[in-house]
Amino acid sequence: MFDKILIANRGEIACRVIDTCRRMGVTTVAVFSDADRAARHVQMADQAVHLGGPAPADSYLRGDAIIAAAMATGAQAIHPGYGFLSENPDFVDQVQAAGLVFIGPSGDAIRAMGLKDAAKALMEKAGVPVVPGYHGADQEADHLARMADEIGYPVLVKAVAGGGGKGMRRVDDPADFAQALDSARSEARTAFGNPDVLIEKYVLQPRHIEVQVFGDGKRAVHLFERDCSLQRRHQKVIEEAPAPGMTAEMRQAMGDAAVRAAEAIGYSGAGTIEFIVDGSDGLRPDRFWFMEMNTRLQVEHPVTEAITGIDLVEWQLRVASGEDLPARQQDLTINGHAFEARLYAEDVPAGFLPATGRLAHLGFPASARIETGVRQGDVISPWYDPMIAKVVTWGQTRAVALRSLESALVDTDVAGSVTNLDFLIALTRHDGFSAGQVDTGLIGRDLDALTAPGDDDGASVALAVIGLAGLADPDTQGGMTLWQPLRRTIAWDGGQAVLEVMGPGHARVTLDDRIHDVRWQGDRWWVDGDLCRQRIIHHDAGVSVFGRGTVHLKPVDPLDRAGADDGGDGLTRSPMPGLVKAIHVTQGQQVRAGDRLCVLEAMKMEHSLLASRDGTVAEVLAAQGDQVEAGAALIRLDEVPE
Ligand code: ADP
Ligand code: ADP
Ligand code: MG
């Protein structure tokens with residue numbers, strides 16, 4: 001076993017690798033960018049080396065600096081985590097040329113699976129079923145259109161170099177093919193520097209079921225499947241293992257195919273074979289097809305760990321240090337059911353826009369496994385993936401594990417940034433999902449219901465008002481003046497209420513003409529006669545009430561400049577660093593509030609920036625293809641003449 005390894009990553013995955021290293025007595029070296037000087041992974045590691053500026057290209061993607069850091073600190077091996085350099089075969093070769101061990105597959109194995117077209121051809125040869133379609137070299141538009149006709153609509157145009165759900169277009173009608181091809185190609189060219197595409201049959205009622213494999217370079221085993229069908233725009237939201245409705249026959253067929261795939265490329269280490277499954281008629285062994293292989297540890301690996309009892313990072317270290325595969329196929333079994341939910345800093349009502357902010361309060365329940373790279377007080381910056389945590393639960397049955405996920409999410413408290421927490425909770429309560437009827441279209445079909453604001457009965461706001469008035473603070477609660485009626489206005493950023501203190505432990509809060517009767521005793525609260533399960537939390541950014549939706553009240557800052565979204569200067573600014581994908585207006589054009597002005601691409605997603613009011617475009621300050629900083633002015637509006 002290694003004495004010391006370097007972890008070439010950040011955030012929750014760096015922390016998770018350090019956890020296992022600590023348990024195994026392996027010393028750890030972290031690396032960090034300027035934005036991560038005080039990050040959790042840096043604090044947890046035994047040693048840490050600074051790489052450079054916050055942009056990944058200046059830090060976590062600098063293979064040479066990372067190898068130099070490993071040499072300088074005496075680390076024997078490098079764990080790449082996921083993302084960043086984890087699937088870069090040239091980096092693997094450089095690590096090995098420096099005499100270090102790469103904890104993962106060979107550069108050649110990564111190359112074999114790097115492009116989806118070549119990988120599909122290879123898998124066909126190995127006898128693994130692949131999605132019917134065209135993955136040849138002829139990229140002529142007419143030829144591709146003919147192939148699409150032959151395959152039969154609907155089809156999926158997919159970037160051969162794709163990842164993260166990018167460069168993919170579903171086409172239902174031949175008339176739309178040419179345009180979809182163009183847009184998939186242009187997205188692929190910007191994102192991956194490779195415009196080539198393949199055409200696939202679009203599987204109806206698709207389920208994403210993937211198999212965890214593990215190889216030692218010659219032989220491989222599989223650690224069963226994960227169902228990742230709960231996706232939004234081809235990105236995973238909640239994952240589970242095993243797959244609901246899985247039969248022994250189907251599991252055997254998928255497991256065998258996955259092992260064949262791994263052995264065909266002499267795979268070493270942890271990998272995932274992703275399959276698309278036609279779920280229109282239950283799970284049937286002749287209805288799954290290879291999509292791609294991810295040659296690394298996967299974000300959702302903890303659900304596999306939860307049902308197998310195996311620490312996959314421990315296996316990675318053992319195999320990379322030269323040990324045999326730690327178990328044989330017949331030793332591996334499934335116990336119970338597990339879920340993982342990805343908690344992100346994102347603005348769901350604004351279209352899942354990645355958010356940033358300082359986490360003024362962060363609380364997790366002890367009932368779940370929490371994988372996180374941040375602590376209370378840390379900043380979710382615009383530089384990296386805005387993930388706050390993965391919440392993982394286990395139960396003897398699917399129903400128990402799902403209920404446990406729901407309550408773990410309800411008991412998760414985040415203040416200081418908007419999050420997708422309410423959306424995740426709504427998903428755990430979705431009837432179809434609860435019944436195990438999953439497919440990749442579920443979220444899209446029910447998006448309105450899943451993102452509808454909860455029925456606000458005002459109780460949480462009333463409690464927050466009590467908090468803001470200082471009455472929920474255990475130190476001042478029994479204060480001298482509280483026995484006498486006291487009437488005052490409590491204002492916060494965005495609203496106000498009238499508070500009347502009726503006596504010790506009793507107040508009335510008037511919110512929009514509704515009067516709420518609030519009583520308390522110790523830390524128990526009643527609003528309008530109902531005992532509340534909400535939690536009132538004071539932090540340095542105001543007061544939050546958690547437990548039934550989330551309410552944050554921020555005290556009014558008299559220095560804050562109130563103004564329209566555009567700051568009153570008519571400028572639409574970039575909310576984050578990103579790439580200008582398209583400009584939809586020209587100078588002199590009249591726009592209405594809500595019209596799309598331009599599209600920005602940042603952090604794996606596209607965001608439309610909308611006009612905050614009616615007006616005329618006075619100036620277009622950015623061009624398609626521009627890389628812009630957060631706050632950069634993009635479009636300026638003039639007032640519409642009266
Ligand atoms: P997965 O199927 O595992 O979710 P994706 O194809 O969506 O993978 O993304 C590729 C990997 O890169 C994921 O593991 C994702 O979390 C990781 N990743 C993407 N962006 C970043 C980032 N900025 N920092 C760290 N990891 C990232
Ligand atoms: P990426 O590299 O971006 O992860 P994948 O090929 O793994 O690309 O596909 C991402 C997602 O797109 C899948 O999880 C699935 O939801 C959907 N998808 C991919 N191929 C098909 C297909 N042929 N039919 C239907 N859905 C598909
Ligand atoms: Mg994929």
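Counting starts at 1 for both ligands and their atoms, in listed order.
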Closest to atom 27 (C) of ligand 2 among Ile276, Val203, Thr440, Leu204 (heavy-atom distance): Ile276

Atoms in ligand 2 with a heavy atom of Gln231 nearer than 4.0 Å: 11 (C), 13 (C), 14 (O), 15 (C), 16 (O)

Atom CD of Glu140 with >12 non-hydrogen neighbours under 6.0 angstrom: no

Side-chain touch Glu274/Ile209, heavy atoms, less than 4.5 angstrom: no

Lys236 near ligand 2 by a heavy-atom separation under 4.0 Å: no

Val131: numbered ligand 2 atoms lying under 4.0 Å from its heavy atoms: 23 (N)

Ligand-side contact atoms (ligand 2) for residue partner Lys201, heavy atom cut-off under 4.0 Å: 22 (C), 23 (N), 24 (N)

Under 3.5 Å: N/O of Gly164 near N/O of ligand 2: yes

Donor-acceptor side-chain pairing of Ser229 and Asp439 below 3.5 angstrom: no

For Gly162, atoms of ligand 2 separated by under 4.0 Å from a heavy atom: 2 (O)

Salt-bridge contact Arg111-Asp90 (side-chain N to carboxylate O under 4.0 Å): yes

Which atom of Glu292 approaches the Mg ion (ligand 3) most closely (N/O/S): OE2

Atom indices of ligand 2, in the order listed, that fall short of 4.0 Å to a heavy atom of Lys158: 6 (O), 19 (C), 20 (N)

Leu156-ligand 2 polar pair, N/O distance under 3.5 Å: no

Which of the ligand 2 atoms, numbered from 1, are nearer than 4.0 Å to a heavy atom of Glu292: 1 (P), 2 (O), 4 (O), 5 (P), 7 (O), 8 (O)

Donor-acceptor pair between Gln316 and His79 side chains, under 3.5 angstrom: yes

Proximal ligand 2 atoms for Met168, defined as those under 4.0 Å from one of its heavy atoms: 3 (O), 8 (O), 9 (O), 10 (C), 12 (O)

Flag for Thr295-Glu87: side-chain donor and acceptor within less than 3.5 Å: yes

Identified side-chain hydrogen bond (donor to acceptor under 3.5 Å, both in side chains) counterpart of Lys158 within the set Glu200, His135, Glu292: Glu200

The Mg ion (ligand 3) to Glu274: nearest N/O/S atom name: OE1

Gln96 atom CD, neighbour heavy-atom count above 12 within 6.0 Å: yes

Ligand-residue contact atoms, ligand 2 with His208, heavy atoms, under 4.0 Å: 13 (C), 14 (O)

Atom CG of Asp286 with >12 non-hydrogen neighbours under 6.0 angstrom: yes

